[in-house]
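Order of the sequence lines fixes the chain letters, A, B, ..., with proteins taken first and strands second; residue numbering starts at 1 for each chain.
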Amino acid sequence: MSELKKEEEKSLNFIEEIIEEDLRTGKYQSVLTRFPPEPNGYLHIGHAKSICLNFGLGLKYGGKTNLRFDDTNPVTEETEYVESIKEDVRWLGFNWANEFYASDYFEQLYAFAEKLIEKGLAYVDDSSSEQIAKEKGTPTLPGIRNQYSERSIDENLQLFADMRAGKYKDGEKVLRAKIDMASPNMHLRDPLMYRIKHAHHHRTGDAWCIYPMYDFAHGQSDSIENITHSICTLEFIPHRPLYDWCIENLEIFPSKQYEFARLNLNYTIMSKRKLLQLVNENHVTSWDDPRMPTISGLRRRGYTAESIREFCDKIGVAKRDNLIEFGLLEFCIREHLNRIALRRMVVFNPIKLIITNYPEGQTEQLSSENNPEDADGGVRSIPFSREIFIEADDFMENPPKKFFRLAPGQKVRLKSAYIIQCDEVVKDVNLNVTAIHCSYIPESKSGSDTSGLKVQGTLHWVNAADAVEVEVREYDRLFKVENPASEEGDFKDYINPDSLKVVTGYAEPAIKEATQTDRFQFMRKGYYCLDKDTTAEKLIFNRTVTLKDAWAKEVKKG
RNA sequence: UGGCCUAUAGUAUAAUGGUAGUACGACAGAUUUUGGUUCUGUUUGUCUUGGUUCGAAUCCAGGUAGGCCAACCA
């Protein structure tokens, strides 16, 4: 039976099929993948998909995975990003075999370029970028090759050396591969291989003033590392012929590129450029703002690495464009947090409830399990006395039919305490309810209930005298529309102005023991974790995700 | 309008010429000291037109739709 189930679960994605075929035919004895971020921003959930894929493949097939920073553009890249990327990959639970940098290979890449020149397959072009663009033609119109392409090998070698030596200013010259100006694939129309940038590089400093382009760095880096399966996203498909052309003409290790569809999540964006804009223009507070789809944002929001890995596993790997529902990510985090979160009671919109038949001045300590899903989770004690707070929403004077909560004459259970009955509603001059008078049934105490009563509803509550005031940050989707990237005009026009709501919660005393690594379920509300902004005076919680709310759905239906 | 990629349920993803399955969602019910969790059931799908074949989601051709490509970005 379990055998059969295992069999069913084993459907492979198309990359796994390729790898298993390669291993079966003996093309490779082992697999070596790489995760190749450019350190020009923080990693997001889309990168998590790529990380899980690349590292997952390494793990699954007994191979290895390198972390390689694709740092060939010094003007956008920073050490801060390198550090955040390493932290995020580690946090997700993966270990790289080697930490490499494309910039480690600059000398080697330079030699590769010389080799192409010597083979008559590359030349130095003095044209301006505008000129080059013009001569490139259009998809329907072939490009033309200019007079610089006629230069001799020796002249090209000299000129290229002069570029490196810093004889020219930015943009004065470029090195181009000599391929096919009439190719229907624009990337083959004598693509640029090197450009001049007198810029400080985060690792090589001022050692270089020429930098290789992506197409002359990525594939070669793969090859230098003997990467067997170089996995990237769909938009690099047209680059593949060039990837192969370079490897073939350089006569180096033949890494192979495979492309999968990047992750798109609804109600958010997945572009580093746009995310950077949100940060720079203060639409969010930082890269790790809990509303951000960044790994660091999700982490701060309370998402666990396990839940993100589970999510990446569930969405699958294929080649068609997709827009995944945010609800799936929420399902994954709820599933994990339900298993591990400590239950606590917190009232957000308090209304006073007085238990008229409970002795004044008396307080008893009640016991409640930390997590009903975890038999070893232990218990905590909760004070109970004559005056408590309940959620204003949990009381209605004129309730609809299926309202299982408190209403005049109705009975409910106070979680881990007693069954109470509502006797009287106290109002002010404006007829607003100011307090609810109830009586409790002493024999109905949790754990030793002999009352024989059955009630439909159970409410969370806090003892009025011990309520701990906490700040709670409630997050909603960052954008108002499903796919901001595909919308007309500026994506920032679609930002949800109500993505953050700060409210006050009144919590049971046990909340004071909260630590940064704890996960909580505020009962009947949602999952929460302590935010790093917390101080000695004030506990601050982030709402990771709400609990599913069947009643809210019922109310909505009318 | 040149080339390339893709098309299976609301969203994703399997089925590799032989019974269209799984997850999330939705809906209905059971259980419940969280209207949570758990459990059960239901619903909804092969873009289109031809062809090959005993048999097509799968192979072929045409069409349609969506995406990508003309950065000294990656």
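Atom CG in A:Leu265 sits roughly 12 Å away from atom C1' in B:A12 (whole-Å rounding). The distance between atom CD1 of A:Ile179 and atom C1' of B:G3, rounded to the nearest whole Å, is 16 Å. The distance from atom CD1 of A:Ile237 to atom C1' of B:A74 is 16 Å, rounded to the nearest whole Å. The interatomic distance linking A:Asn40 (CG) with B:A71 (C1') rounds to 14 Å, in whole Å. Here the P atom of nucleotide B:G3 and the CZ atom of A:Phe236 are 24 Å apart, to the nearest Å. For the pair A:Lys134 NZ and B:C72 P, the computed distance is 15 Å after rounding to whole Å. Per the geometry, CG belonging to A:Asp449 stands 15 Å off C1' belonging to B:U32, to the nearest Å. Taking atom CZ of residue A:Arg262 and atom P of nucleotide B:A74, one finds them 15 Å apart after rounding to whole Å.
Closest to the side chain of A:Asn338, out of B:G36, B:U33, B:C72, is B:G36. Comparing B:C72, B:C5, B:U34 by their closest approach to the side chain of A:Lys319 singles out B:C5. Considering only side-chain atoms of A:Thr140, the nucleotide from B:C68, B:G2, B:A12 that sits closest is B:G2. Of the candidates B:U37, B:U13, B:A12, the closest approach to any side-chain atom of A:Ala318 belongs to B:U13. Minimum atom distance to the side chain of A:Glu38 is reached by B:A74, of the listed B:G2, B:G35, B:A74. The side chain of A:Gln521 sits closest to B:U34 out of B:G67, B:U34, B:C5.
Under 3.5 Å, the side chain of A:Arg405 and the base of B:G35 form at least one donor-acceptor pair of N or O atoms. Between the side chain of A:Arg320 and the base of B:U8, a donor-acceptor pair under 3.5 Å is found. Counting distance only, with no hydrogens placed and no angle test, the side-chain atoms of A:Arg334 and the base atoms of B:U37 include no donor-acceptor pair under 3.5 Å. Between the side chain of A:Glu325 and the base of B:G10, at least one donor-acceptor pair of N or O atoms lies under 3.5 Å. No N or O donor and acceptor, one from the side chain of A:His187 and one from the base of B:A71, sit under 3.5 Å apart.
Checking A:Ser444 against A:Ser451 by side-chain atom types alone, no donor-acceptor pair falls below 3.5 Å. Looking at A:Glu130 and A:Ser128, their side chains do bring a donor and an acceptor atom within 3.5 Å of each other. Neither side chain, A:Gln257 nor A:Tyr243, offers a donor N or O lying under 3.5 Å from an acceptor on the other.
Under the stacking criterion of a centre-to-centre distance below 5.5 angstrom and an interplanar angle below 30°, A:Trp551 sits stacked against the six-membered ring of B:G35.
Across all strands shown, A:Lys557 has heavy atoms under 4.0 Å from sugar-phosphate atoms exclusively, and none from any base. Residue-level contact check: A:Leu328 touches the backbone only, with heavy atoms under 4.0 Å from sugar-phosphate atoms and none from bases. Among the atoms of the strands shown, base atoms are found under 4.0 Å from some heavy atom of A:Glu373. Using a 4.0 Å heavy-atom distance criterion, A:Lys402 is classed as a base contact. Counting non-hydrogen atoms under 4.0 angstrom, A:Val317 reaches the backbone sugars and phosphates but no base. Among the protein residues, A:Pro372 comes within range of the nucleic acid bases, having at least one heavy atom under 4.0 Å from a base atom. Contacts of A:Ser127 with the nucleic acid, taken as non-hydrogen atoms under 4.0 Å apart, include base atoms. Residue A:Arg343 is in base contact, counting any heavy-atom pair closer than 4.0 Å across all strands shown. Using a 4.0 Å heavy-atom criterion, one finds that A:Ser183 contacts no nucleic acid atom at all. Using a 4.0 Å heavy-atom cutoff across all strands shown, A:Phe216 reaches no nucleic acid atom at all. Heavy atoms of A:Lys553 sit under 4.0 angstrom from primed sugar atoms or phosphate atoms, though from no base atom. Nucleic acid contact class of A:Lys415 (heavy atoms, under 4.0 Å, all strands): base. The residue A:Glu554 sits apart from the nucleic acid: no heavy atom pair falls under 4.0 Å. Heavy atoms of A:Thr76 sit nowhere under 4.0 angstrom from any nucleic acid atom.
Across B:C54 and B:C39, the matching P atoms stand 47 Å from one another, rounded to whole Å. Remark: the separation of the P atoms in B:U53 and B:C47 is 23 Å, to the nearest Å. Distance noted for atom C1' between B:A20 and B:U13: 13 Å (whole Å). With both ends at atom P, the span from B:A14 to B:A9 equals 13 Å, rounded to whole Å. Annotation: B:A56 and B:G51 have their P atoms spaced 12 Å apart (nearest Å). One C1' atom belongs to B:C27, the other to B:C60, and the distance between them is 42 Å to the nearest Å. The P atoms of B:C68 and B:G10 are separated by 24 Å, rounded to the nearest whole Å. Atom name P, nucleotides B:U52 and B:G2: the rounded distance is 30 Å, in whole Å.
Between A:Tyr110 and A:Trp208, the two ring planes are tilted [angle within 30° to 60°]. Under the 30°/60° scheme for interplanar angles, the aromatic rings of A:Tyr211 and A:His201 are found to lie parallel. Ring pair A:His239/A:Tyr214 is perpendicular by interplanar angle, where above 60° counts as perpendicular and below 30° as parallel.
The phosphate of B:C69 has neither OP1 nor OP2 within less than 4.0 Å of any side-chain N or O from A:Lys136. Distances shown here put a side-chain N or O of A:Lys197 below 4.0 Å from the OP1 or OP2 atom of B:C73. In this structure, A:Arg195 reaches the B:C73 phosphate: one of its side-chain N or O atoms is under 4.0 Å from OP1 or OP2. Residue A:Ser128 places no side-chain N or O under 4.0 Å from the OP1 or OP2 atom of B:C72.
Looking at A:Asp449, its side chain never comes within 3.5 Å of a backbone N or O of A:Lys445 through a donor-acceptor pair. Remark: side-chain polar atoms of A:Glu77 are paired, donor with acceptor, to backbone N or O of A:Asn73 under 3.5 angstrom.
Base pairing annotation: B:U33 forms no Watson-Crick or G-U wobble pair, as no partner gives both donor-acceptor distances under 3.5 Å. Remark: B:C68 base-pairs with B:G3. Criterion, Watson-Crick or G-U wobble with two distances under 3.5 Å. Across all strands shown, B:C27 forms a Watson-Crick or G-U wobble pair with B:G41, both key distances being under 3.5 Å. Pairing for B:C73 is absent, judged as Watson-Crick or G-U wobble with the two contacts each under 3.5 Å. Using Watson-Crick or G-U wobble geometry with both donor-acceptor distances under 3.5 Å, B:U19 finds no partner in any strand shown.
Nearest-nucleotide positions on RNA chain B for A:Asn322 and A:Pro212 put A:Asn322 closer to the 5' end. Mapped onto RNA chain B by nearest heavy atom, A:Phe522 and A:Lys314 fall at different nucleotides, with A:Lys314 at the one closer to the 5' end.
Judged by the 6.0 Å distance and 45° axis criteria, A:Arg203 is positioned over the aromatic ring of A:Tyr101. Because its NZ or CZ atom is not both nearer than 6.0 Å to the ring centre of A:Phe260 and within 45° of the ring axis, A:Lys319 does not count as a cation-pi partner of that residue.
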